[in-house]
Amino acid sequence: MGEYILELKDVVKTFGGVTALDGVHFQLKKGEIHALMGENGAGKSTFIKVITGVHQPDSGMMLLEGEKITLRSTEDSAKLGIAAIY
Ligand SMILES: Nc1ncnc2c1ncn2[C@@H]1O[C@H](COP(=O)(O)OP(=O)(O)O)[C@@H](O)[C@H]1O
Ligand SMILES: [Mg+2]
């Protein structure tokens with residue numbers, strides 16, 4: 001297993017002319033708890049939706065335990081152990 005459970009590299013997500021995620025880098029180690037903070041419209045929900053397969057990034061990479069993953073749905077992410085609890 002790699003150093004990180006989940007890693008995002010240079011993830012970009014746009015909605016039409018709006019750039020919601022502008023080259024996001026994120027690294028999560030086993031046992032860590034992260035707080036995602038930012039003003040309204042900062043991209044917090046979009047980030048969660050990208051890591052749970054609701055939205056697909058325009059570019060960039062997601063790695064799970066060092067392996068590149070592509071998520072097309074919340075079913076895909078749930079199978080890999082990634083879920084949002086609302
Ligand atoms: N489905 C969508 N269609 C168009 N624009 C969106 C959509 N989701 C988010 N956005 C836009 O992306 C930006 C980030 O939104 P969001 O991730 O919801 O921010 P936060 O959760 O931090 O308030 C905002 O400008 C928002 O209007
Ligand atoms: Mg939000």
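We number each residue from 1, following the sequence as shown. Remember, it's 1-based here, ligands and their atoms both numbered in the order they're listed.
The protein reaches atom 17 (O) of ligand 1 closely, with a heavy atom under 4.0 angstrom from it. Distance remark: protein heavy atom not present below 4.0 angstrom from atom 26 (C) of ligand 1.
Annotation: atom 15 (O) of ligand 1 to nearest protein heavy atom, T46 OG1, 3.9 Å. When only non-hydrogen protein atoms are considered, atom 3 (N) of ligand 1 lies nearest to F15 CD2, 3.6 Å. Looking from atom 14 (C) of ligand 1 to the surrounding protein, the closest heavy atom is G41 O, 3.3 Å. Regarding atom 19 (O) of ligand 1, its nearest protein heavy-atom neighbour is G43 N, 3.1 Å.
Within the 3.5 Å criterion, the main-chain N or O of G38 finds a donor-acceptor partner in the side chain of K44.
Look at S45 and the Mg ion (ligand 2): an N/O/S atom of the residue is under 2.8 Å from the metal.
Here the closest heavy-atom approach between residue S77 and residue I51 is recorded as CB-O, 3.9 Å. In terms of heavy atoms, V12 sits closest to G23 at CG2-N, 3.6 Å. The heavy-atom pair separating D10 from H25 by the smallest distance is N-CE1, 3.5 Å. Looking at every heavy atom in both residues, Q56 comes nearest to R72 through NE2-CA, 3.4 Å.
Inspection of the H34 and E32 side chains reveals an N or O donor paired with an N or O acceptor under 3.5 Å.
Neither the backbone nor the side chain of K49 comes within contact range of ligand 1; no heavy atom lies under 4.0 Å.
Following chains of ILVMFWY side-chain contacts shorter than 4.5 Å, one cannot reach V54 starting from I69, and the two form parts of different hydrophobic clusters. Placement of L36 and L6 within a single hydrophobic cluster is found when ILVMFWY residues are connected by side-chain heavy-atom separations under 4.5 Å, directly or transitively.
For ligand 1 and V18, the ligand atoms under 4.0 Å from any heavy atom of the residue are 12 (O), 25 (O). Near S45, with a cut-off below 4.0 Å to any heavy atom, the atoms of ligand 1 are 17 (O), 18 (O), 20 (P), 21 (O). For ligand 1, the atoms closer than 4.0 angstrom to any heavy atom of N40 are 23 (O). Each of the atoms 22 (O) of ligand 1 lies under 4.0 Å from some heavy atom of E39.
Taking only non-hydrogen atoms, the option from G16, A20, G17, A42 nearest to atom 12 (O) of ligand 1 is A20.
Inclusion of H55 in the set of residues having an N or O under 3.5 Å from an N or O of ligand 1 is not warranted.
Remark: distances from the non-hydrogen atoms of K13 to ligand 1 are all 4.0 Å or more. Under a 4.0 Å heavy-atom criterion, G38 is not in contact with ligand 1.
Under the 4.5 Å side-chain criterion, counting only non-hydrogen atoms from C-beta, K9 is in contact with L63.
Note that OG1 of T52 and CG of L80 are 12.0 Å apart. Values are rounded to the nearest 0.5 Å.
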